[in-house]
Amino acid sequence: MTDQPSAPRRGHRMLAAAAGLGVLGLPLAAPAPSPSPSASPLPAPPTGPDRGTVLYQQSCASCHGQRGEGTQRGPSLADVGPASVDFQLSTGRMPLSKEGKPNVHQDAVFSESDIRALVQHVASFPPGGGPPIPVVGGGSTPSGRELYLTYCSACHSAAGVGATLNNGRIAPSLFEATPTQIGEAVRVGPGLMPAFPPDVLSDEEVDDVAAYVGVLQDDRGELDRGGWPLGRLGPFTEGVVAWVFGLTIVLLLARRLGSRAR
Amino acid sequence: MITRRIYRALDARLGTTSIGRTALAKVFPDHWTFMFGEIALYAFMALLLTGTYLTLFFEPSTSETVYDGAYQPLDGSKVSSAFASTVALSFDVRAGLLIRQAHHWAALLFVAAIVVHMLRVFFTGAFRRPRELNWVVGVTMLALALLNGFTGYSMPDDLLSGTGLRIIYSTVLSIPVVGSWIATLAFGGEFPTPETTPRLYISHVLIVPGIFLALISVHLLMIIRQKHSQFPGPGRREHNVVGSRLWPAYAVRSVSLLTGVFAVVFALGGLVQINPVWIYGPFHPAKATSPAQPDWYVAWGDGALRLFPPIEFHVFGHLVPAPFLPAVGVGTVTFLLLYAWPWLERWRTGDKASHQILQRPRESPGRVAVGAYALTFFAVLLVTAADDIIARLTRIPVTGLLRTLQILVLVLPFVVAAVAFFTARALRAGTATSLGELTREDLHAGLSGRSIDRRPDDEPEERIRLWRNPDDTWRWRWYGPGEELSSNEAFLDRQEALDAAKTAFPGVRVEQDEPPEGVVLPPPQHKPGPATKAAAALVWVAMAVLGRRADRRTPSRSEASE
Ligand code: HEM
């Protein structure tokens, strides 16, 4: 899984993210907003030891407190661990804005090195701990397929398009997540998602799941070899197509043939 | 030479020539809505052809096997033979995926065509005496189509169909007294059991198609015997059939339609993915996927289950579980009403006469209202079955959406039925041919029911019929006792024709009508109608979307190569 993530398939997501940034007043041409696919374990940021502190004071402290102790507007970060911080930042979920939609994959606000600096800074809060950023790659898809269908498809759907949960919240589609983000989500359990610690899914199994999600993300036609996938939404959309394309065309034909007969 | 000999020998013994001659000269009335049944027939033929190919490769068994083929993420996994062979059909058998998808698309089209055909029969009163029996045969075929669609959908043993089977199993169990017996018979034991798939298979490829062939034969024989009904029109009476002969006119049309249905089925089968079971994975009782819906023709049951509050009650000491009322109840009541409808209507109207001439829907506003009610009711149920998808697309929370739908399912059918009722009455009151031509007085008459007391049996001695030609000009024809006279002029609009007719024969009632047979006219121009325009717009949008997808893919590739 050394591929770059495929370009986001959902155009309106991009638009929404762009609009969100626009509302925030952030420069849209900010440092190349690429989600960080790198899985390197935190070397020191090149821009000096204070970079993380400065960024944290600017963007996070108002909600999470000076030393990550938490405030009324945000939970404590004292023991969430680097995986959580990297996940929240690289998927653009944090910093939370009033206008932006929470819990949705967006373009990251910070550059890769800034994210690394922030992760390191948050990791320095006492007492520390929490899952580290996992190194993910090179899994086997057959095993990943089985694990995915056992642990993930109930919420994210077998096709990876996401689904509505019982309580009306949404499990997002997995088409935009990088292997590292998948590993982080599995270990951290963001939002309503449960965490899967190593005694449930070993590191190799996480690699396998990520490899299979990579297969699901592939939009070059190998998985959807039947043709137009209809958003992989299943029988409902198929029924709509059967009526709107199939039957309507046949009825129009009958209409023409019938009127010929006059 | 030899063929001629054989033919003569056959003819001497069977009388083929005279049968053939009568058959070829058989007259079918011309109206495009009479072709709906044929569409269903051709879809069934497509199902038979593609289904037979599938039986060569499909293994109806849940015994474990190792999939070994081109679909990499399943390669080497232990799965049931049914699932493995379906994936093999999709990846490893030549043309397997095309045929499999064509089979499934044909199934969706088949049921849709039956429904549309039934609506035509219903709204035109074609089920009235002497055709009640054929209505009963038709309703039975609809039920069998739903059944066979469901068994087919459940055979590949994938996660989605297994989820559906589980729901049906608990629904069947919920039937008081006989439920567990039927469930054991149909499923071969407590679900999930290895007995189920072979039973589904026998029923799907042998028993139900066999019954279908028999019923289709009965259905067609009855049509031939009773002759086709026809719409009212000049020269069309209760005792004749006006239209085209089977050979050549009608046959040519039928073959075109056959080709069209097959073209659509295989185009969809080749271009649009349906039921990608390899993505859903094999069924396992502990696994689930969502969004999970059944095919559209059974989705109303799923919708009813989602809408209905879970109510359990006791009847004579038997507990009736929650799925009973929505799933079993809605289906049973609907089909009982469908079966009984010809007699219900006769009981209501007291009309015991035999009918060969069809009604226009507006002639029976009450029936229109009932039909509109049922259609709206089932439409809401179908939408409900997709509540999770709709919640996601609209970002309305599911609970709120369900509440709204619960109210809608109670209210909306009544509203639509009332609107349909008054529209039908307004159309009946005036001379408008379509909704766009309704005048304010017509609407008024529809609301007040003024025209109700116009009896069909006090037919006036003289009348004038007014019709629109296919080229949008208007003419009229006067019918007196034993005499008929046509206007010798064509008029540019309806009002002109009406004025001319009224000047020529003051005080005679004017009716609007279809153009009569045998009137030579310039060939009609086909301006694209609203339906054609809508279809063109759809195709355009689809091309635009596909084009954009293609555009978007290109940069993602170049990125990857950087
Ligand atoms: C009333 C007519 C029929 C309907 C509505 C119907 C419907 C279906 C459906 C929805 C499926 C699931 C396809 C899928 O996996 O996506 C299916 C599968 C199948 N059908 Fe039919 N079918 C009909 C008649 C037949 C006949 C006449 C045959 C054989 C002679 C047949 C043979 C099969 C076989 C072997 C499969 C399993 C293969 C597979 O799942 O890919 N069907 N059918």
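So that the names make sense, note that chain A is the first sequence line, chain B the second, and so on, each numbered from 1. Since we're looking at a predicted model, the values are computed, not measured.
- Heavy-atom distances place the backbone of B:L382, and not its side chain, under 4.5 Å from chain A.
- A:L253 and B:S256 get closest at one heavy-atom pair: CD2-O, 4.0 Å.
- Residues A:W228 and B:Q273 have side chains not in contact (no heavy-atom distance under 4.5 Å, counting atoms from C-beta outward).
- For the atom pair CZ (A:R145) and CG (B:L74), the distance works out to 4.5 Å, reported to the nearest 0.5 Å.
- Of the two parts of A:L252, only the side chain, counted from C-beta on, holds a non-hydrogen atom closer than 4.5 Å to a non-hydrogen atom of chain B.
- Note that the CH2 atom of B:W32 and the CG atom of A:L251 stand 6.0 Å from one another [nearest 0.5 Å].
- Only the side chain of A:Y212 comes within contact range of chain B, with heavy atoms under 4.5 Å apart.
- For the atom pair B:H284 NE2 and A:L149 CG, the distance stands at 11.0 Å (nearest 0.5 Å).
- The contact between B:S90 and chain A is made entirely by backbone atoms, counting heavy-atom distances below 4.5 Å.
- Interface remark: B:A299 contributes no atoms to any contact with chain A (heavy atom separation under 4.5 Å).
- In this structure, CG in B:L271 is found 10.5 Å from CZ in A:F245, a value given to the nearest 0.5 Å.
- Of the two parts of A:L233, the backbone and the side chain both hold a non-hydrogen atom closer than 4.5 Å to a non-hydrogen atom of chain B.
- Highest contact tally toward chain B, considering only A:C155, A:C152, A:G160, A:G162, is held by A:G162 [criterion: heavy-atom pairs under 4.5 Å].
- The two residues B:V116 and A:L247 come nearest to each other via the heavy atoms CG2-CD2, 3.5 Å.
- Residue contact with chain B, scored on non-hydrogen atoms closer than 4.5 Å, involves the side chain of A:I249 exclusively.
- Legend: ring pair (Phe, Tyr, Trp, His ring centres under 6.0 Å) pairs involving residues 254-277 of chain B, not counting sequence neighbours: none detected.
- Note that the CD1 atom of B:I279 and the OG atom of A:S153 stand 12.5 Å from one another [nearest 0.5 Å].
- Heavy atoms closer than 4.5 Å to chain A are found in the side chain of B:L97, but not in its backbone.
- For the set A:A171, A:S140, A:A159, A:A242, the entry with the most heavy-atom pairs within less than 4.5 Å of chain B is A:A242.
- Nearest heavy atoms, A:G234 versus B:Y280: CA-OH, 3.7 Å.
- Exactly one of B:L268, B:L108, B:I274 qualifies for a side-chain contact (heavy atoms from CB on, under 4.5 Å) with A:V241. That residue is B:L268.
- Of all heavy-atom pairs spanning A:A254 and B:I39, the tightest one is CB-CD1, 4.4 Å.
- When heavy atoms are compared at a cutoff of 4.5 Å, A:T150 approaches chain B by way of both its backbone and its side chain.
- The shortest side-chain heavy-atom distance between A:E238 and B:V272 does not fall under the 4.5 Å cut-off.
- Of the listed residues A:S143, A:P142, A:G239, A:G144, the one with more heavy-atom pairs under 4.5 angstrom with chain B than any other is A:P142.
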Let me see the working for A:V161 and B:R392 under side chain to side chain contact (heavy atoms under 4.5 Å, CB included), right down to the final yes or no.
-> CA-CA 11 Å; A:V161 296; B:R392 205 159 107 230; 4.2 Å; yes

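- Only the side chain of B:Q101 comes within less than 4.5 Å of a heavy atom in chain A; its backbone stays farther off.
- Considering OG1 of A:T141 and CG of B:D75, their distance stands at 9.0 Å, rounded to 0.5 Å.
- Under the 4.5 Å side-chain criterion, counting only non-hydrogen atoms from C-beta, A:L223 is in contact with B:Y71.
- Side-chain contact between B:V383 and A:F236 is absent, with no heavy atoms from C-beta onward closer than 4.5 Å.
- For A:R187, the salt bridge (charged side-chain N to carboxylate O under 4.0 Å, His left out) partners at least two apart in sequence or on another chain are A:D203.
- A 4.5 Å side-chain heavy-atom check between B:S77 and A:E146 finds at least one atom pair inside the cut-off.
- Only the side chain of B:Y153 has a heavy atom closer than 4.5 Å to any heavy atom of chain A.
- With a threshold of 4.5 angstrom between heavy atoms, B:F34 does not approach chain A through any atom at all.
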